[in-house]
Amino acid sequence: MNARPEALIETDDCLGADVCYDLSLRYVDGQLRNPAFPADDPGGFDDVRLRAYGGLVLDDQGSPVAQDNPFVAPVVEIAPGDTFRLTFENELPRPRDMVLPGEAPGGGSLSCIGEPADHNAPHCSNFNLTNIHTHGLWVSPLGNSDNVLLTVNPGIRFTYEYNIPNDHPAGTFWYHAHRHGSTAPQVSSGMAGILLIRGNRQPVLGAAGWALPGDLDVILPRPEVGGHDLTFPERTMLFQQIAYACRWSRDQVAALEASGTPRDELPVVGSIKTDTETGAWICDEGDVGMVEPGPVNAFDQLTPTAWPASGRYTAINGGIQQEQPGAVAGRVERWRLIHGGVRETIGVQIRKVETRPVDALRTRLSEGSEGRDRADETVEEFCSGAPVELVRVATDGLTRPDIRTGSEVILQPAYREDVLVSFPSEGTYCIVDAESAAQADINVNDNDSAILGFIDVAPAEVQLEGGSGADHVLAILAQSIEATIEDGAARDVILDDLSAGRLDAFVKHRDISDSEVSGGQTVGFALNLKPGGVAFEIGNFVPTHVSNGAPFALVDEAAYEASRIDRVLPLRGVDEWTLSSFGSIAVGHPFHIHVNPFQIVEVLKYRPDPGCTSGTGGTPSEGAQGCSIDPNDPSTYIDVSVPDSIEPQYAGFKDTWKDTLFVLPGYLVKMRTRYERYIGDFVMHCHILDHEDQGMMQNIRIALPDGKGGFDGSMTRHIAQDGD
């Protein structure tokens, strides 16, 4: 990885930093498992060349931290109060030096020339321009902090500095590329990494509640920390959709023509290679899979249908269907799940291999001769055990106020979940991406289940008592609270809360009350077919009265404009935001806002499913939801964020703090947020990253009020006004 620890020591880049990190962006060569072919087949492992982060992380003793996979960025661990300094160098070629798939009109290689007339139009000139976003961190968006409005061009070296506040929540975060126009292709190439903030703050009980909330890490100590008899081993999993493709070269097309393939059946030079029967993406021996701009559509690897059609599998920490070692039955583990991909909805389940021998499963996975077409069959045949109960304790890096238990965790792009897992018995367990209905899927596609990986579980070290499901997990958690919480009064309250399924002592952000709200915002995502093509827009919406099931009208919708500030909001203001999805193309959009997280108030289903019949005497179709809803009567809307919700997408999110939320059409999301501490410009956007790159983003400015009903301006403006 060309790690250069001497550079970190000899330069000023690290002086005064608590954590220092040297990172380079370059092309990295390697291989990825392709389960569509047997492991010993030439197609079983594809050669790939991907844009990837390589670098060096130093621990608190100045020693390098080893990294396991060249396509996954180094794990960064920092603490509240740290100064995190990241020196970043873009070593990719300049746009004019890129060699593109395809063929120039007169023959020869294509090169990247010019720039797009519309900065929301996918173009090769953007693919190697970049920056870095620390997703979910509560830090400044200005200067060389979490500033996604700057560009690090090829050949440029730049030092980011993140001052982590002392009161920053400990939790599970991540970092990824975020330069408008290149975010989707770069994240689809694997340009993402795990970022953990670890804390050891004990909760402080005050007269009226928790004066200072504590860190969840306190009651979930790791084995490597030391000094604890009861520990919780960690597994951090970064889920990615690495959308590499192999493309037809001029020589390969010429060979097909020479072999007798009719001219009108020849593939276009530079087009993606696909299987003629299944449509899945393929690579022939000698090919190299990449994420590059297509010769006709620069985003041809990133369309709504591309990932489902590709036949590719979601990777965990850069590996496909790999084994996770080291589990023991009955031991409670902390799993940090991070959706660092672009184009997939993941329903994480853990199921035991029961009815067939484990060796037969290994053989099936190594054979892989039918790819994704056989994936659902493999899950049903081998992973037949009941799903293991998953105890969710944090969402998007922030401790949940209430503990949620279930057999599946739904991850949309950018979601994170911390879950506690205990395996009921020894054996092999599948990590499964469960099947999902089209409505819940980011691609509006019925997804069959697939095996993402598996884990071998050793026999229990002691005899398990009282089972090993959620009750066992909570019992072990209670034992840990007894052992780790130092203040007796605080300990008693925490144990009482735990018996009620709550973790209030570890929720860093206090609830936002009705009386605290000082303003409001509406956000409407819209994907519309227009004469010039598909428009990716964000607008506001207002109530209206119609009979077609849409009681709101979208207004002021527009695509992203870099020079326009769409919303100016006051420092220390508190807004209630209402969000929904509109458009002639009815799809959901994951809303993400930088800097300040939000608390979910409610998610209202305001439109019945299409299967509901109208009029009297009709019978709704099976699975139809909310058929008693009248879109023009808000009193009939259903809050689907409650624990026993009819919509698993939102169940149990009420009062939870998040930074990303999937917004389905026909639903109203109401959430509240405070504009605390930080001023400056940042963005909100759809986290389907090709939507963001094509215009589904807005600039937001948090500004200092001037005390006169407006906002403070620049010093030059003050001087001009003083001179008038």
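A donor-acceptor distance shorter than 3.5 angstrom exists from the side chain of His339 to the backbone of Gly341, with no hydrogens or angles considered. When atom types are taken as modelled, the side chain of His594 and the backbone of His133 share no donor-acceptor pair closer than 3.5 angstrom. Of the possible polar contacts, one joining the Asp487 side chain to the Ala489 backbone as a donor-acceptor pair under 3.5 Å is found. Side chain of Gln241 to main chain of Val342: a donor-acceptor pair is present (N/O by atom type, distance under 3.5 Å, no hydrogens or angles). Not one N or O on the side chain of Glu486 forms a donor-acceptor pair closer than 3.5 Å with the backbone of Gln202. Side chain of Asp215 to backbone of Asn200: a donor-acceptor contact under 3.5 angstrom is found. Between the Thr355 side chain and the Glu381 main chain, a donor and an acceptor come within less than 3.5 Å of each other. Counting only distance, with no hydrogens or angles, the side chain of Asp396 and the backbone of Asp659 share a donor-acceptor pair below 3.5 Å. Remark: the backbone N or O of Cys612 is not paired with any side-chain donor or acceptor of Asp609 at under 3.5 angstrom. Of the possible donor and acceptor atoms, none in the side chain of Arg201 sits under 3.5 Å from a partner among the backbone N and O of Gly214.
The side-chain heavy atoms of Phe84 and Val76, taken from C-beta on, include a pair separated by under 4.5 Å. Between Val669 and Leu604, the closest side-chain pair of non-hydrogen atoms is not below 4.5 Å.
The ring of Trp138 has its center closer than 6.0 angstrom to the ring center of His509. Proximity of the aromatic rings of Phe423 and Tyr429 is defined here by a centroid distance below 6.0 angstrom, and this criterion is met.
Going from atom CG of Asn317 over to atom OG1 of Thr236 covers 7.5 Å, rounded to the nearest 0.5 Å. Annotation: the span from Ile451 atom CD1 to Thr378 atom OG1 amounts to 6.0 Å, rounded to 0.5 Å. Taking CZ of Arg198 as the start and CD of Glu77 as the end, the distance is 4.0 Å to the nearest 0.5 Å. Here CD1 of Ile316 is found 10.5 Å from CD of Gln240. Values are rounded to the nearest 0.5 Å. Rounded to the nearest 0.5 Å, atoms CD1 (Ile338) and CZ (Phe239) are 9.5 Å apart. Atoms CD1 and CD1, on Ile485 and Ile494 in that order, are 4.0 Å from each other to the nearest 0.5 Å.
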Requested in this report: Take Val493 and Trp210, measure what side-chain contact (heavy atoms from CB on, under 4.5 Å) needs, and give me the verdict at the end.
Outcome: CA-CA 10 Å; Val493 174; Trp210 295 106; 3.6 Å; yes

Requested in this report: Dump the intermediate steps for side-chain contact (heavy atoms from CB on, under 4.5 Å) on Ile194 and Trp174, then the final yes or no.
Outcome: CA-CA 4 Å; Ile194 296 163; Trp174 63 303; 5.7 Å; no

**Report entry** From CA spacing to verdict: side-chain contact (heavy atoms from CB on, under 4.5 Å), Tyr637, Ile629
**Finding:** CA-CA 6 Å; Tyr637 297 177; Ile629 292 173; 4.2 Å; yes

Query raised in the report: Going through the distances and angles, do Arg502 and Asp497 end up as a salt bridge (Lys or Arg N to Asp or Glu O under 4.0 Å)?
Result: CA-CA 5 Å; Arg502 298 192 63 82; Asp497 284 349; 5.9 Å; no

Requested in this report: Determine, stepwise, if the pair Thr673 / Ile593 fulfils side-chain contact (heavy atoms from CB on, under 4.5 Å).
Outcome: CA-CA 10 Å; Thr673 186; Ile593 190 166; 5.7 Å; no

Query raised in the report: Stepwise, does the salt bridge (Lys or Arg N to Asp or Glu O under 4.0 Å) test hold for Asp514 with Arg672?
Result: CA-CA 10 Å; Asp514 294 347; Arg672 293 171 179 172; 2.8 Å; yes

Report task. Could you walk me through whether Lys508 and Asp167 pass salt bridge (Lys or Arg N to Asp or Glu O under 4.0 Å), step by step? Result -> CA-CA 8 Å; Lys508 284 294 181 180; Asp167 55 348; over 6 Å; no

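Residues meeting the side chain to side chain donor-acceptor pair (under 3.5 Å) test with Gln649, sequence neighbours left out: Gln412. Shown here are the disulfide bond (SG atoms under 2.5 Å apart) partners of Cys430, two or more places apart in sequence or in another chain: Cys383. Residues passing the side chain to side chain donor-acceptor pair (under 3.5 Å) test with Tyr162: none are found, sequence neighbours excluded. With sequence neighbours left out, the side chain to side chain donor-acceptor pair (under 3.5 Å) criterion links Asp456 to Arg362, Thr428. Under the rule for a side chain to side chain donor-acceptor pair (under 3.5 Å), Arg33 has no partner lying at least two apart in sequence or in another chain. For His589, the ring pair (Phe, Tyr, Trp, His ring centres under 6.0 Å) test picks out Phe525, His691, with sequence neighbours left out.
Across Ala505 and Pro203, no two heavy atoms sit closer than the pair O-CB, 3.7 Å. Taking both residues in full, the closest heavy atoms of Phe232 and Ser480 are given as CE1-OG, 3.6 Å, listed atom of the first, atom of the second, then distance. The two residues His135 and Ala414 make their nearest non-hydrogen contact at CE1-CB, 3.5 Å. In this structure, Val409 and Leu390 approach most closely via the heavy-atom pair CG2-CD1, 3.8 Å. Annotation for Gly199 and Pro80: closest pair CA-CD, 4.3 Å, computed over non-hydrogen atoms. Asn166 and Gly81 get closest at one heavy-atom pair: OD1-CA, 3.1 Å.
The salt bridge (charged side-chain N to carboxylate O under 4.0 Å, His left out) test with Glu417 singles out one residue from Arg404, Lys658, Arg392, Arg336, and that residue is Arg392. Checking each of Val432, Leu365, Val353, Ile431 against Phe454 for a side chain to side chain contact (heavy atoms under 4.5 Å, CB included) leaves exactly one that passes, namely Leu365.
Residues Thr656 and Thr395 bring no donor and acceptor atom of their side chains to less than 3.5 Å of each other. Between the side chains of Thr405 and Glu389, not a single donor N or O lies within less than 3.5 Å of an accepting N or O. Of the N and O atoms on the side chains of Gln599 and Asp511, at least one donor lies less than 3.5 Å from an acceptor on the other residue. A donor and an acceptor atom, one from each side chain of Lys352 and Ser425, are located under 3.5 Å apart. Side-chain polar atoms of Asn443 and Arg343 form a donor-acceptor pair below 3.5 angstrom.
Ring-plane geometry between Phe598 and Phe591 is classed as tilted, the angle between the planes lying from 30 to 60 degrees on a 0 to 90 degree scale. Between Tyr667 and Tyr650, the ring planes lie tilted relative to each other; the angle falls in the 30° to 60° range.
In this structure, Arg222 does not pair ionically with Asp217, as no charged nitrogen and carboxylate oxygen lie closer than 4.0 Å. The pair Lys605-Glu647 does not count as a salt bridge, with every side-chain nitrogen at least 4.0 angstrom from each carboxylate oxygen.
Heavy-atom neighbours of Asp496 CG from other residues, nucleotides or ligands within 6.0 Å: above the threshold of 12.
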